[in-house]
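Because the structure is a prediction, the values reported are computed rather than measured. Every heavy atom of this structure was used, including side-chain atoms; hydrogens, water molecules and symmetry mates were not. Remember, it's 1-based here, ligands and their atoms both numbered in the order they're listed. For reference, positions follow the sequence shown, starting with 1.
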Amino acid sequence: MTDLVLSLDVTERASALRIARACAEDVDAIKVGYPLVLGAGLGIARDLADLGIPLIADFKVADIPNTNTLICDQVFAAGFSAVIAQAFPGPDSVVACVESAHTHGGECYVVAEMSHPGALTFFSEGVPEAICRLVVETGADGIIAPATRPARIRALRDLIGERKILSPGVGAQGGDPAEVAPLVDGMIVGRAIYGAADPAAAARVYAPYRR
Ligand code: BMP
């Protein structure tokens with residue numbers, strides 16, 4: 001039904017590689033963000049990419065277009081196959097990320113609505129909808145939408161057509177995989193897998209929901 005994306009938010013290279021190797025057969029992609037890159041260095045991306053698992057760069061890129069291009073070009077040169085961007089800097093900034101991604105044969109996802117409780121302060125109704133329209137206009141490949149609010153995923157799905165939805169919030173944040181998996185293209189799970197005593201076994205809990 002959906003891809004399983006491991007959010008590898010550990011901060012040490014050795015743990016990251018141990019968990020990624022253990023889970024390689026049981027996940028479809030790995031999401032890497034600031035915790036791991038700041039802890040282990042950008043070279044971790046090449047090490048993980050060499051395992052043959054697609055890598056998503058969760059840097060929530062949010063700058064002027066020129067800086068976004070510089071950031072995204074480095075992301076794809078490092079071995080990532082997708083990047084996550086913020087929409088609030090505006091369409092030209094998102095276009096810069098999309099163009100870099102597509103130039104490198106990669107994908108660009110845009111945060112439409114976040115999964116934590118405080119997200120509703122600024123991602124109030126209407127804003128995520130406007131972001132979805134921007135995603136369609138800019139040719140981005142999909143959105144990030146909250147597994148903690150399945151009704152919102154359904155509402156945003158109607159606005160993005162065939163584009164993909166990656167959804168964080170299953171597991172530690174309380175999102176229910178049985179409810180979310182049929183609605184999304186990728187379920188993002190972090191602590192419930194990498195924090196488990198046996199990460200591979202924890203990843204296999206999600207096997208019934210994978211396509
Ligand atoms: P966890 O399953 O441990 O809650 O991890 C979720 C991951 O997804 C974290 O890397 C977090 O930064 C990210 N994320 C999120 O939880 N909600 C969002 O709205 C957007 C995210 O990128």
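- One distance of note links CD1 of Ile64 with CG of Asp92; it measures 9.5 Å at 0.5 Å rounding.
- Contacts between Val111 and ligand 1, counted as non-hydrogen atom pairs separated by less than 4.0 Å, are absent for every part of the residue.
- The closest heavy-atom contact to atom 21 (C) of ligand 1, among the options Met187, Glu113, Gln173, Lys60, comes from Lys60.
- Salt bridge annotation for Arg204-Glu25: absent, with no cationic side-chain nitrogen under 4.0 angstrom from a carboxylate oxygen.
- Proximity of a side-chain donor or acceptor of Thr69 to a complementary backbone N or O of Pro65 within less than 3.5 Å is detected.
- Distances from ligand 1 to the non-hydrogen atoms of His116 include no value under 4.0 Å.
- The aromatic rings of Phe80 and Phe59 sit perpendicular, their planes meeting at an angle over 60°, well past the 30° parallel limit.
- Summary of contacts: the protein heavy atom closest to atom 13 (C) of ligand 1 is Lys31 NZ, 3.6 Å.
- Between Arg13 and Asp47 there is a salt bridge, with a side-chain nitrogen of the basic residue lying less than 4.0 Å from a carboxylate oxygen of the acidic one.
- Distance from atom 7 (C) of ligand 1 to its nearest protein heavy atom, with residue and atom name: Ser7 OG, 3.4 Å.
- A salt bridge links Asp185 with Arg157: the closest approach of a Lys/Arg side-chain nitrogen to an acidic carboxylate oxygen falls below 4.0 angstrom.
- Every atom of ligand 1 with a heavy atom of Met114 under 4.0 Å away is listed here by number and element: 18 (C), 19 (O), 20 (C).
- Listed by number with element, the atoms of ligand 1 under 4.0 angstrom from any heavy atom of Arg191 are 1 (P), 2 (O), 3 (O), 4 (O).
- Counting protein heavy atoms only, atom 2 (O) of ligand 1 is closest to Gly190 N, 2.8 Å.
- Annotation: Pro168 places no N or O atom under 3.5 Å from an N or O atom of ligand 1; distance criterion only.
- Atom 9 (C) of ligand 1 has as its closest protein heavy atom Asp9 OD2, 3.3 Å.
- When non-hydrogen atoms are compared, ligand 1 lies under 4.0 Å from the backbone of Ser115 as well as from its side chain.
- Asp28 has a carboxylate O that lies under 4.0 Å from a charged side-chain N of Arg210, or vice versa, which qualifies the two as a salt bridge.
- A salt bridge links Asp3 with Arg211: the closest approach of a Lys/Arg side-chain nitrogen to an acidic carboxylate oxygen falls below 4.0 angstrom.
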